[in-house]
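Counting begins at 1 with the first residue of the sequence.
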Amino acid sequence: MTKEEIGQILKELRLSCGKTQKEVAKLLGRKQQIVGHWETGYSQPDANTLFTLCDIYGTTVDAAFGFKKSNMNISRKDIELLQKYHYLDDHGREMVDFTLEKEWERSTADA
């Protein structure tokens, strides 16, 4: 995998979680330009920073870079929905849980 390919993955992860380079840089205590350099492949984050970036983006290094295959294919959209779920208050979570359970029961009833 090239530095440019790694950079593209980092950029896609950042965009999928709705953060700006400036926001990520602030979380890391770095300058925005450094995040930009990583995303263009000009440079690469060290291993510890890569783990921290993936944590910020709500994923793991294995999942982000395809090192580990799981039985369940979790898409970026799935991650986005889960992130939104975590911002809900108790009532919102209760409503989503109820709806999801009922729809799952309906969908699997004929299976």
Side-chain angles (χ1 to χ4, degrees):
M1 184 172 286
T2 67
K3 289 192 294 185
E4 290 79 14
E5 291 170 328
I6 292 169
Q8 184 62 39
I9 290 169
L10 292 175
K11 182 176 182 178
E12 289 172 7
L13 290 170
R14 177 181 58 78
L15 293 173
S16 74
C17 75
K19 297 202 181 308
T20 65
Q21 287 182 350
K22 188 173 185 176
E23 291 170 328
V24 172
K26 186 175 181 178
L27 289 168
L28 294 170
R30 305 281 183 95
K31 293 183 179 183
Q32 178 181 349
Q33 292 80 4
I34 296 295
V35 176
H37 286 169
W38 296 334
E39 291 182 3
T40 60
Y42 182 77
S43 64
Q44 291 182 305
D46 60 60
N48 288 335
T49 303
L50 185 60
F51 282 102
T52 303
L53 282 168
C54 286
D55 188 49
I56 290 168
Y57 299 150
T59 189
T60 65
V61 172
D62 287 344
F65 295 95
F67 295 127
K68 185 177 179 182
K69 299 288 181 189
S70 66
N71 292 338
M72 184 179 293
N73 186 17
I74 298 175
S75 70
R76 283 190 169 74
K77 180 67 176 173
D78 296 332
I79 292 169
E80 289 172 18
L81 290 171
L82 184 58
Q83 288 171 331
K84 289 177 183 177
Y85 178 85
H86 284 284
Y87 281 102
L88 297 176
D89 61 12
D90 289 340
H91 175 74
R93 287 183 183 167
E94 185 178 323
M95 296 304 295
V96 170
D97 292 345
F98 176 81
T99 303
L100 183 59
E101 184 65 27
K102 291 299 179 187
E103 282 301 301
W104 180 81
E105 287 173 5
R106 183 188 62 79
S107 297
T108 59
D110 295 331

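For the pair E23/K26, no side-chain contact is recorded, criterion being any heavy-atom separation below 4.5 Å from C-beta on. Taking 4.5 Å as the limit, some side-chain heavy atom of I6 sits within range of a side-chain heavy atom of Q44. Between L10 and F65 the shortest side-chain heavy-atom distance falls below 4.5 Å. You'll find the side chain of I79 stays beyond 4.5 Å of the side chain of Y57, heavy atoms only. Using a 4.5 Å heavy-atom threshold, the side chains of C54 and T59 count as touching.
Listed here is the closest heavy atom pair of L53 and P45: CD1-CG, 4.0 Å.
For S75, the side-chain hydrogen bond (donor to acceptor under 3.5 Å, both in side chains) partners two or more places apart in sequence, or in a different chain, are D78. Applying the ring pair (Phe, Tyr, Trp, His ring centres under 6.0 Å) test to F51 and every residue at least two apart in sequence or in another chain returns nothing.
Both M1 and W38 belong to a common hydrophobic cluster when Ile, Leu, Val, Met, Phe, Trp and Tyr are linked at side-chain heavy-atom distances under 4.5 angstrom. When hydrophobic clusters are built by joining Ile, Leu, Val, Met, Phe, Trp and Tyr residues whose side-chain heavy atoms come closer than 4.5 Å, directly or via intermediates, L88 is not grouped with F98. M95 and L82 fall into different hydrophobic clusters, where Ile, Leu, Val, Met, Phe, Trp and Tyr residues are linked whenever their side-chain heavy atoms come under 4.5 Å apart, directly or through other members.
For residues 4-24, no residue pair satisfies the ring pair (Phe, Tyr, Trp, His ring centres under 6.0 Å) rule, not counting sequence neighbours. The stretch residues 7-20 participates, sequence neighbours left out, in these salt bridge (charged side-chain N to carboxylate O under 4.0 Å, His left out) pairs: E12-R76, R14-E39. Residue pairs meeting the side chain to side chain donor-acceptor pair (under 3.5 Å) criterion with at least one member in residues 83-94, sequence neighbours excluded, are Y85-D97.
At least one donor-acceptor pair closer than 3.5 Å links the side chain of T40 to the backbone N or O of H37. A donor-acceptor pair under 3.5 Å links the side-chain atoms of S16 to the main chain of L13, judged by distance alone.
Between T60 atom OG1 and D62 atom CG the span is 5.0 Å, to the nearest 0.5 Å. Note that CD of Q8 and CD of E5 are 9.5 Å apart. Values are rounded to the nearest 0.5 Å. Within the model, atoms CD1 of I9 and CD of E4 stand 12.0 Å from one another, a figure rounded to the nearest 0.5 Å.
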Using residues 28-35 as the side-chain source, report each donor-acceptor pair under 3.5 Å to any protein atom, sequence neighbours left out, with the distance given to one decimal.
{"unit_1": "R30", "atom_1": "NH2", "unit_2": "T49", "atom_2": "OG1", "d": "3.2"}

